[in-house]
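This one's a predicted model, so the numbers in the text were calculated from it and none came from an experiment.
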Amino acid sequence: HNLQMRALSRKEEASYLTVAPQPLRDVAMLILATGMRPGEVFRLRKEDANLVLGFVRIPEGKTPLARRTIPLTQRVQPILRKRVSECNGALLFPSRNDPGRPLRWLRKAHMAALQKAQIALPFRLYDLRHTALTRMAMAGIDLPTLRELAGHTSIQMTMRYLHPTPEHKRTAIKKLEAFCLNMRN
């Protein structure tokens with residue numbers, strides 16, 4: 001539901017990542033850098049990470065467009081490189097109880113990190129995806145590209161994830177004001 005979605009501020013992100021234990025920290029950083037769903041990160045396999053070309057492949061999803069490749073930022077390439085080199089099986093985020101199965105959830109670690117970072121609830125792990133997609137939109141990424149990066153079937157679905165911050169809105173109004181002033185001259 002749109003009213004339950006929320007994006008982290010930069011300060012909240014820094015606090016969260018500082019206190020998040022592994023593997024939550026790596027999962028969170030991947031979501032923030034790519035906009036992937038938590039389940040997509042949990043199911044990543046060695047062969048899904050192309051570190052030479054700098055992208056991650058999502059081979060399956062709930063819709064055909066959920067199957068996609070996502071370029072990696074400089075910030076997360078070392079994380080994946082380390083995970084690929086250190087994993088004993090095919091999965092980059094294996095279950096602690098069964099290394100042949102992916103992680104299913106990090107709820108306890110996430111809730112503890114929120115409490116330590118003093119981030120108000122509600123804030124779900126999935127909201128890191130909202131944060132990433134919101135930031136992509138605020139960075140000027142066009143909606144068709146954002147839709148493909150998110151793996152959505154429609155731009156309307158992508159629009160549900162966008163939450164401009166008050167600062168971004170102020171910047172937009174300043175741009176409008178400058179444009180109008182230039183029109184008068």
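- Side-chain atoms of L103 and P23, non-hydrogen and from C-beta on, do get closer than 4.5 Å to each other.
- Other residues, nucleotides and ligands contribute over 12 non-hydrogen atoms within 6.0 Å of the CD atom of Q22.
- Residues M183 and I173 do not share a hydrophobic cluster, clusters being chains of Ile/Leu/Val/Met/Phe/Trp/Tyr side chains in contact below 4.5 Å.
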Q: Walk me through it: do L72 and T34 pass the test side-chain contact (heavy atoms from CB on, under 4.5 Å)?
A: CA-CA 7 Å; L72 296 168; T34 63; 4.1 Å; yes
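- There is no path of hydrophobic side-chain contacts, each under 4.5 Å, that joins L24 to V19.
- Between the side chain of R147 and the main chain of S154, no donor-acceptor pair closer than 3.5 Å is present.
- In terms of modelled atom types and a separation under 3.5 Å, the side chain of Q77 and the main chain of Q74 share no donor-acceptor contact.
- Contact of the H152 side chain with the L65 side chain is not registered, since no non-hydrogen atoms from C-beta on lie closer than 4.5 Å.
- Sparse packing is recorded around CG of N88, with 12 or fewer heavy atoms of other residues, nucleotides or ligands lying under 6.0 Å away.
- Between D48 and R45, none of the side-chain N atoms (NZ, or NE/NH1/NH2) sits under 4.0 Å from a carboxylate O, so this pair counts as no salt bridge.
- Using a distance-only test at 3.5 Å, with no hydrogens or angles considered, a donor-acceptor pair links the side chain of R83 to the main chain of L92.
- Here E167 does not pair with R10 in a salt bridge; the nearest charged N to carboxylate O distance is not below 4.0 Å.
- Distance CG/L121 to CD/Q115: 9.0 Å, rounded to 0.5 Å.
- Salt-bridge formation is not detected for the pair R25/E13: no Lys NZ or Arg NE/NH1/NH2 atom is positioned less than 4.0 Å from an Asp or Glu carboxylate oxygen.
- For R101, the CZ atom sits in a loose shell: 12 or fewer heavy atoms of surrounding residues, nucleotides or ligands are nearer than 6.0 Å.
- Annotation: the span from H130 atom NE2 to L32 atom CG amounts to 12.0 Å, rounded to 0.5 Å.
- For L80 against A49, the heavy-atom pair with the smallest separation is CD1-CB, 4.4 Å.
- In this structure, T131 and F123 have side chains that are in contact, with non-hydrogen atoms separated by less than 4.5 Å.
- With no hydrogens or angles considered, no side-chain donor-acceptor pair links S95 and D98 at under 3.5 Å.
- Within 6.0 Å of CZ in R104 there are 12 or fewer heavy atoms belonging to other residues, nucleotides or ligands.
- With a 4.5 Å cut-off on side-chain heavy atoms, T158 and P144 do not count as touching.
- Listed here is the closest heavy atom pair of I119 and E12: CD1-O, 3.6 Å.
- More than 12 heavy atoms of other shown residues, nucleotides or ligands fall within 6.0 angstrom of atom CZ in R67.
- Smallest separation of non-hydrogen atoms from P102 and F42: CB-O, 3.3 Å.
- Note: L44 CG to L30 CG = 7.0 Å, rounded to the nearest 0.5 Å.
- One finds the CE atom of M111 at 12.0 Å from the CZ atom of R124 (value rounded to the nearest 0.5 Å).
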Q. Do V56 and N50 pass the side-chain contact (heavy atoms from CB on, under 4.5 Å) test, and can you show the C-alpha distance, the side-chain angles, and the key distance before you say yes or no?
A. CA-CA 6 Å; V56 67; N50 186 324; over 6 Å; no
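- Using a 4.5 Å heavy-atom cutoff, the side chains of M138 and L133 are not in contact.
- Side-chain atoms of T145 do not come within 3.5 Å of backbone N or O of I141 as any donor-acceptor pair.
- Follow the hydrophobic side-chain contacts under 4.5 Å out from V84 and you reach I70 in the same cluster.
- By the criterion of side-chain heavy atoms lying less than 4.5 angstrom apart, applied directly or through intervening Ile, Leu, Val, Met, Phe, Trp or Tyr residues, I79 is not grouped with F55; the two fall into different hydrophobic clusters.
- Minimum heavy-atom separation, I31 to M36: CG2-O, 3.4 Å.
- R129 contributes a side-chain N or O that, together with a main-chain N or O of G35, makes up a donor-acceptor pair within less than 3.5 Å.
- Counting heavy atoms of neighbouring residues, nucleotides and ligands inside a 6.0 Å radius, atom NZ of K46 exceeds 12 of them.
- Closest approach of D26 and F93 over heavy atoms only: CB-CE2, 3.9 Å.
- Across E40 and I58, no two heavy atoms sit closer than the pair OE2-CG2, 3.8 Å.
- Salt-bridge check for R170 with E177: failed, with every basic side-chain N at 4.0 Å or more from each acidic carboxylate O.
- Formation of a donor-acceptor pair under 3.5 Å by the H110 side chain with backbone atoms of L125 is found in this model.
- Hydrophobic cluster membership is shared by M29 and V27, with clusters built from Ile, Leu, Val, Met, Phe, Trp and Tyr side chains linked at under 4.5 angstrom.
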